[in-house]
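My questions all concern the structure below.
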There are 2 protein chains.
Amino acid sequence: MNLKELSETLGLSPTTVSRALNGYPEVSERTRRRVVEAAAAHNYSPNSGARRLATGRSMAIGHVLPLSTQHEMVNPIFADFIAGAGETYAKSGYDLVLSVISDRDEEGFYRELSTRGTVDGLVVHGPRIADPRIAMLNQIGLPFVVHGRSSEVEVEYSWLDINNRRAFFRATNFLLDLGHRRIALVNGLSDMDFARRRYLGYRSALEERGVAFDPKLVSHEEMTENYGYETARRHLATVDRPTAFLVSSIIAAIGVRRAISELGLKMGHDISVVIHDDDLSYFRNTGDVPIFTSVRSSVRQAGKRLAEMLIDAIGNPDQPPQSVLLEAELTVGQSTGPAPAMRRVLEQG
Amino acid sequence: MNLKELSETLGLSPTTVSRALNGYPEVSERTRRRVVEAAAAHNYSPNSGARRLATGRSMAIGHVLPLSTQHEMVNPIFADFIAGAGETYAKSGYDLVLSVISDRDEEGFYRELSTRGTVDGLVVHGPRIADPRIAMLNQIGLPFVVHGRSSEVEVEYSWLDINNRRAFFRATNFLLDLGHRRIALVNGLSDMDFARRRYLGYRSALEERGVAFDPKLVSHEEMTENYGYETARRHLATVDRPTAFLVSSIIAAIGVRRAISELGLKMGHDISVVIHDDDLSYFRNTGDVPIFTSVRSSVRQAGKRLAEMLIDAIGNPDQPPQSVLLEAELTVGQSTGPAPAMRRVLEQG
DNA sequence: TTGAAAGCGCTACCAT
DNA sequence: ATGGTAGCGCTTTCAA
């Protein structure tokens, strides 16, 4: 059933029916009710293509997920983030168009998204340091917001990010307070913007306390379980081995834990571990795991929020929405704390 | 730039330009080349709304992700699956429309997706036992495929699933072969179809070997770290505690491991653990983790494949594509194996 | 091999 | 408060 047929059923013009359905004020309440009821009864809903053509808006938002086909895996928090965004879109009548883009002609891709009118705006995921996409999108003129930030980018843009630097600054300080002096940083790929910021937070905490920075204690890789495992093994085999690990992701932390327990060491006793993760969903109701989260209210909330920002930006193209910096929260668990045996070791060193 | 303007630039009719761009055979090669070049030069791409309206096809595929707002989290493998599907769509010119649907009027939602012409087909995620969505979609007439299966559904439908039953049958047998007689099953939510099948595999392995089934050893919950932890703790505190754990997800397994090591027990020594996970991405290059994967070639491949099935179904609506059952692969690690101390314990029992 | 024109279903402007 | 109608940009049929 289309608009014309529906209007004929009702003995009204298509104009009136359209107005009634779209909430225009100049329709009498009686007519509106009749129309709405008839539409429901006939399972009528407006054809999306026709609407796009007539209005010039697609009522769709694009999410672009860069993914080198080579080896990179999808960050699991991405799913939660997008679920949050989806909630916002459902409320506002937008569709969510997800594009997985792998090594292809990126510029052409973004440009096409714009010229084809597939989406009214974009969410950029996984920003790198000095990410070229930002200048490009700015130039194209399609409204966009960034999930995360990109250092060393000239142009203005709206973003929503975790305060990664501060989170790792505080986590490092926390370990320093416990007496640790050799802290290994198990970080993500070095060209990712978030990894850089975490590294900077770690370094500045050491500097501020006058603790020597040892580049051998820092590693940057894709965050797999095996990466955590191998890295921890390597560190633990050295003479001046670290007494603490600061791990950038829960997945890598599983490996770190495995390496520790394989050697017969005990967490919070022989070794301290602080895990950072963007979301605590998997750890709900767990009081005693050493976790340092960055998103107070969960990644899902963050997704919601960023989606709202974008819808805002589409509505007011001249007034870009205020960027958002989410602060970290430290949740300390038993096994992070200073166990007596560990204390002795640290006090001697 | 639109088609009309482009055609004027070239001194051709819109018809010819359209034909040239869409690969119709009746255009001379010379003309086609001219047109394609001009289109590229002017950054022309056809307006999606207009095309939808004219052709009646949206060139978009919907992925529906059910998510009760209450507490449920997003399965992280979902991200990888959808990344795989996205690759297929990118090749075939389809857009991927992701709908997060939470407790809303589902029937109306699916129907609208169809009548509005937003998508040409659907992928159904997270099927439950006797999932009502399948009959509904069948009735609506929109092509769809299911990621997973749904038991107790009358109608025919196309699906791609892991052989969950067989995977858990084999995993259980593996533990039985090691001598275990009390094996705890840490499973997912009981109304999920995959959880049911895994449970059935576990049970039939016990039955076949004449090992008593103890319902107290089976738990069904949402798979968080804490669930694994609490469940393992509870089990390990009993007198006739299990000697092995069969865990349905890597996340819950982290908790199980934690509980084990907290009690000073050693994996593969005092306790055996077999983990099932749909994907090994996080464990790449790890030879010695006890994992039982179900998807040989990774979830991403599975996503690709299911997307191809759906595109097929859209092309041949009368010939539904063959469903696919993926077989499991057992990867055994050190810590699963029969350690001497454990052997003794088992031999005595 | 090319072109003219109808029409997809809707919105929005202009009348009334 | 309601209706007539042009037009959004494309595909597709028919004609040449």
Side-chain angles (χ1 to χ4, degrees), chain A residues 1-36 38-39 42-60 93-95 111-120, chain B residues 1-36 38-39 42-60 93-95 111-120:
Chain A
M1 162 95 44
N2 63 26
L3 186 66
K4 195 174 163 217
E5 288 161 11
L6 181 64
S7 69
E8 280 160 5
T9 310
L10 284 159
L12 287 168
S13 74
T15 312
T16 303
V17 175
S18 171
R19 281 199 273 242
L21 257 21
N22 289 298
Y24 282 71
E26 63 263 44
V27 183
S28 79
E29 259 330 299
R30 211 182 82 79
T31 311
R32 166 161 291 131
R33 207 177 7 258
R34 267 186 67 214
V35 171
V36 169
H42 293 87
N43 271 327
Y44 167 78
S45 37
N47 176 283
S48 72
R51 199 171 221 175
R52 283 185 184 197
L53 190 53
T55 61
R57 281 169 307 133
S58 65
M59 291 309 284
Y94 279 92
D95 287 330
R111 187 152 262 135
E112 219 184 288
L113 229 40
S114 170
T115 50
R116 292 198 336 186
T118 313
V119 299
D120 297 332
Chain B
M1 162 94 43
N2 63 25
L3 187 65
K4 197 175 160 217
E5 289 161 9
L6 181 63
S7 69
E8 280 161 5
T9 307
L10 284 159
L12 288 167
S13 74
T15 313
T16 304
V17 176
S18 171
R19 282 199 273 240
L21 257 19
N22 289 299
Y24 282 71
E26 62 264 45
V27 184
S28 80
E29 256 333 298
R30 209 183 85 79
T31 310
R32 166 162 291 131
R33 206 176 10 255
R34 268 185 67 214
V35 171
V36 169
H42 293 88
N43 272 325
Y44 168 79
S45 39
N47 176 284
S48 72
R51 197 170 222 175
R52 281 183 185 200
L53 190 53
T55 60
R57 280 170 309 132
S58 65
M59 290 308 283
Y94 280 92
D95 287 330
R111 187 150 262 133
E112 222 184 286
L113 229 40
S114 171
T115 51
R116 291 198 335 185
T118 313
V119 300
D120 296 332

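Computation of the quantities below employed the complete heavy-atom set of this structure, encompassing side-chain atoms and omitting hydrogens, waters and symmetry-equivalent molecules. Here is how names work: the chains are called A, B, and so on, in the same order as the sequence lines, proteins then strands, and each is numbered from 1.
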Angle, rounded to 10°, between the helical axes spanning five pairs at each terminus of the helix from dT1(C)-dA16(D) to dT16(C)-dA1(D)?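 Angle reported: 30°, given to the nearest ten degrees.
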Heavy-atom protein contacts under 4.0 Å, nucleotides 8-16 of chain C, coded B base, S sugar-phosphate only, - none: BBBBBB---
I need the Lys4(B) NZ to Ser18(B) OG distance, nearest 0.5 Å. 15.5 Å
Atom CE in Met59(B), atom CZ in Arg51(B): separation rounded to 0.5 Å?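 Going from the CE atom of Met59(B) to the CZ atom of Arg51(B) covers 7.5 Å.
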Strictly by modelled atom types, are Thr118(A) and Ser48(B) linked by a side-chain donor-acceptor pair under 3.5 Å?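 Not at all, the side chains of Thr118(A) and Ser48(B) share no donor-acceptor pair under 3.5 Å.
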Does a side-chain heavy-atom distance below 4.5 Å link Asn47(A) with Asn2(A)? no
Specify the closest pair of heavy atoms between Tyr44(B) and Leu3(B), including all atoms of both residues, with the distance to one decimal.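 Shortest heavy-atom contact: CE1-N, 3.5 Å.
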What distance do Arg116(A) atom CZ and Ser45(B) atom OG have between them, rounded to the nearest 0.5 Å?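 Here the interatomic distance stands at 7.0 Å.
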Point-to-point distance, once rounded to the nearest 0.5 Å, from OG1 of Thr55(B) to CG of Asn22(B):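 Answer for the OG1-CG pair, Thr55(B) versus Asn22(B), is 10.0 Å.
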Between Thr16(A) and dG3(D), does any side-chain N or O lie under 4.0 Å from OP1 or OP2?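 For Thr16(A), the contact criterion (side-chain N or O under 4.0 Å from OP1 or OP2 of dG3(D)) is met.
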Over all atoms of both residues, closest heavy-atom pair of Arg34(A) and Leu10(A): NH2-O, 2.7 Å
